[in-house]
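Below: the structure, in structure tokens.
Small disclaimer: the values here were computed from a predicted structure and weren't measured.
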Amino acid sequence: MTPTPRIVVLSAPSGGGKTTIAKALRARYPDRFGFSVSATTRKPRAAEQDGVDYRFWKPSQFLAGVKDGQFLEHAQYGGELYGTLRSDVQKILESGRHVLLDIEVNGASQVRRLDSEALTIFILPSDPRVLVQRLVERRSESSEEIQRRLERAIEEISDARLFHRWIRNDDLDEAVESVKRAADEHPARFARDPKDIPWLKRYLVDLQSERQRPLR
Ligand code: ADP
Ligand code: 5GP
């Protein structure tokens, strides 16, 4: 039997791998997963396409969308606005597929409050040095922006209690299959309280010291 389609929120600190995992899931399981294309006021990066990666909207258009109730959730990140369009989510669910949302932690918490069936997943590599290295090697942000994103990462990891599942993105294939299994499992199971996850405290301490090192 085909599992009931639901919202699957993928959150991760910047560089954690949510975009890569969402793309791999759609490529591998095109008739099981769709992706909601968010609207944002930020500028496109090289190779990003309007309507594919994001809908690049002017701030006035975004604010009008908020006023009209077009967004399921929206939040600010790095001084820009980002939001999930209700119409996109609806369309994908009606096609019988899970809908992947690649969104930050505030948005994830809004979705949790609105939809008790939604599954929220937090993704990150086991080693904080790998997180920093992937972010640097992606070469899409300036070093100041990377510093800001690392600061935000520390806050987001501290907020992780909100999430049903924590998935480590070390081996990409394993991470993709873990998300697939969790999406098909009803009802959502809660991971242990992250306060009880012994490596979490250490992770935050290590990430804090990585952040203070000069970026390579
Ligand atoms: P996010 O969307 O969470 O900011 P990305 O998906 O852009 O993160 O991943 C950050 C960088 O890490 C990208 O360059 C991506 O190719 C790389 N990456 C992601 N997952 C893995 C993995 N499992 N192994 C190696 N590199 C990875
Ligand atoms: P980026 O600028 O790197 O593409 O995204 C920055 C952050 O915004 C990421 O954490 C990403 O998951 C988040 N984001 C992207 N789209 C949305 C959205 O529609 N809503 C919210 N709340 N966050 C989003």
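The distance from the CZ atom of Arg165 to the CD atom of Glu185 is 5.0 Å, given to the nearest 0.5 Å. For the atom pair NE2 (His74) and CG (Leu81), the distance works out to 7.0 Å, reported to the nearest 0.5 Å. The OG1 atom of Thr40 lies 11.5 Å from the CG atom of Asp53; values are rounded to the nearest 0.5 Å. The distance from atom CG of Leu124 to atom NZ of Lys18, rounded to the nearest 0.5 Å, is 10.5 Å. Expressed to the nearest 0.5 Å, how far CG of Leu150 lies from OG of Ser143 amounts to 11.0 Å. We find the CD-CG distance between Gln133 and Leu135 to be 11.0 Å, quoted to the nearest 0.5 Å.
Looking at Lys43 and Glu80, no side-chain N of the basic residue comes within less than 4.0 Å of a carboxylate O on the acidic one, giving no salt bridge. Salt-bridge formation is detected for the pair Arg149/Glu145: a Lys NZ or Arg NE/NH1/NH2 atom is positioned less than 4.0 Å from an Asp or Glu carboxylate oxygen. Classification of Asp68 and Arg86 as a salt-bridged pair fails, no side-chain N sitting under 4.0 Å from a carboxylate O. Under a 4.0 Å N-O distance rule, the pair Glu177/Arg28 qualifies as a salt bridge.
Side-chain N or O atoms of Thr120 include none that pairs as donor or acceptor with a backbone N or O of Val9 at under 3.5 Å. No side-chain donor-acceptor contact under 3.5 Å links His98 to the backbone of Val8. Judged by distance alone, with hydrogens and angles left aside, the side-chain atoms of Glu104 form a donor-acceptor pair with the main-chain N or O of Gly107 at under 3.5 Å. Under a 3.5 Å cut-off, the side chain of Glu73 and the backbone N or O of Ala108 do not form any donor-acceptor pair. Between the side chain of Arg55 and the backbone N or O of Val37, at least one donor-acceptor pair lies under 3.5 Å.
Within the 4.5 Å cutoff, the side chain of Leu63 has no heavy atoms near those of the Lys67 side chain. Using a 4.5 Å heavy-atom threshold, the side chains of Ile92 and Leu100 count as separate. Counting heavy atoms from C-beta on, the side chains of Phe35 and Leu25 never come closer than 4.5 Å. In this structure the side chain of Arg152 reaches within 4.5 angstrom of the side chain of Glu155, judged on heavy atoms. Ser158 places a side-chain heavy atom less than 4.5 Å from the side chain of Leu204. Side-chain contact between Arg112 and His164 is present, with heavy atoms from C-beta onward closer than 4.5 Å. Contact annotation: the side chain of Asn169 approaches that of Arg134 to within less than 4.5 Å [non-hydrogen atoms, C-beta and beyond]. Contact annotation: the side chain of His186 approaches that of Glu117 to within less than 4.5 Å [non-hydrogen atoms, C-beta and beyond].
Note on Val99 and Tyr29: separate hydrophobic clusters, where clusters join Ile, Leu, Val, Met, Phe, Trp and Tyr whose side-chain heavy atoms are under 4.5 Å apart, directly or indirectly. Placement of Ile167 and Ile21 within a single hydrophobic cluster is found when ILVMFWY residues are connected by side-chain heavy-atom separations under 4.5 Å, directly or transitively. Placement of Tyr54 and Trp57 in two distinct hydrophobic clusters is found when ILVMFWY residues are connected by side-chain heavy-atom separations under 4.5 Å, directly or transitively. Note on Val111 and Val89: same hydrophobic cluster, where clusters join Ile, Leu, Val, Met, Phe, Trp and Tyr whose side-chain heavy atoms are under 4.5 Å apart, directly or indirectly. Residues Ile103 and Leu72 are members of one and the same hydrophobic cluster, defined by side-chain heavy-atom contacts under 4.5 angstrom among Ile, Leu, Val, Met, Phe, Trp and Tyr.
The side-chain contact (heavy atoms from CB on, under 4.5 Å) with Phe56 is formed by just one residue from the set Gln49, Glu48, Gln61; it is Glu48.
Of all the heavy atoms in Ser14 and Arg138, the pair that sits closest is OG-NH2, 3.4 Å. Considering all non-hydrogen atoms of both residues, Pro128 and Asp206 come closest at CG-CB, 3.5 Å. The heavy-atom pair separating Phe71 from Ala39 by the smallest distance is CE2-CB, 3.9 Å. Of all heavy-atom pairs between Gly16 and Ile123, the closest is O-CG2, 3.6 Å. Nearest approach of Pro125 to Tyr203, heavy atoms of both residues: O-OH, 2.5 Å. For Ser140 against Arg45, the heavy-atom pair with the smallest separation is CB-CD, 3.6 Å.
By the 30° and 60° cut-offs, the orientation of the rings of Tyr77 relative to Tyr82 is perpendicular.
No more than 12 heavy atoms of other residues, nucleotides or ligands sit less than 6.0 Å from atom CZ of Arg129.
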Candidate pair Arg213 and Glu210, rule salt bridge (Lys or Arg N to Asp or Glu O under 4.0 Å), full reasoning: CA-CA 5 Å; Arg213 262 188 230 254; Glu210 280 302 309; 3.1 Å; yes

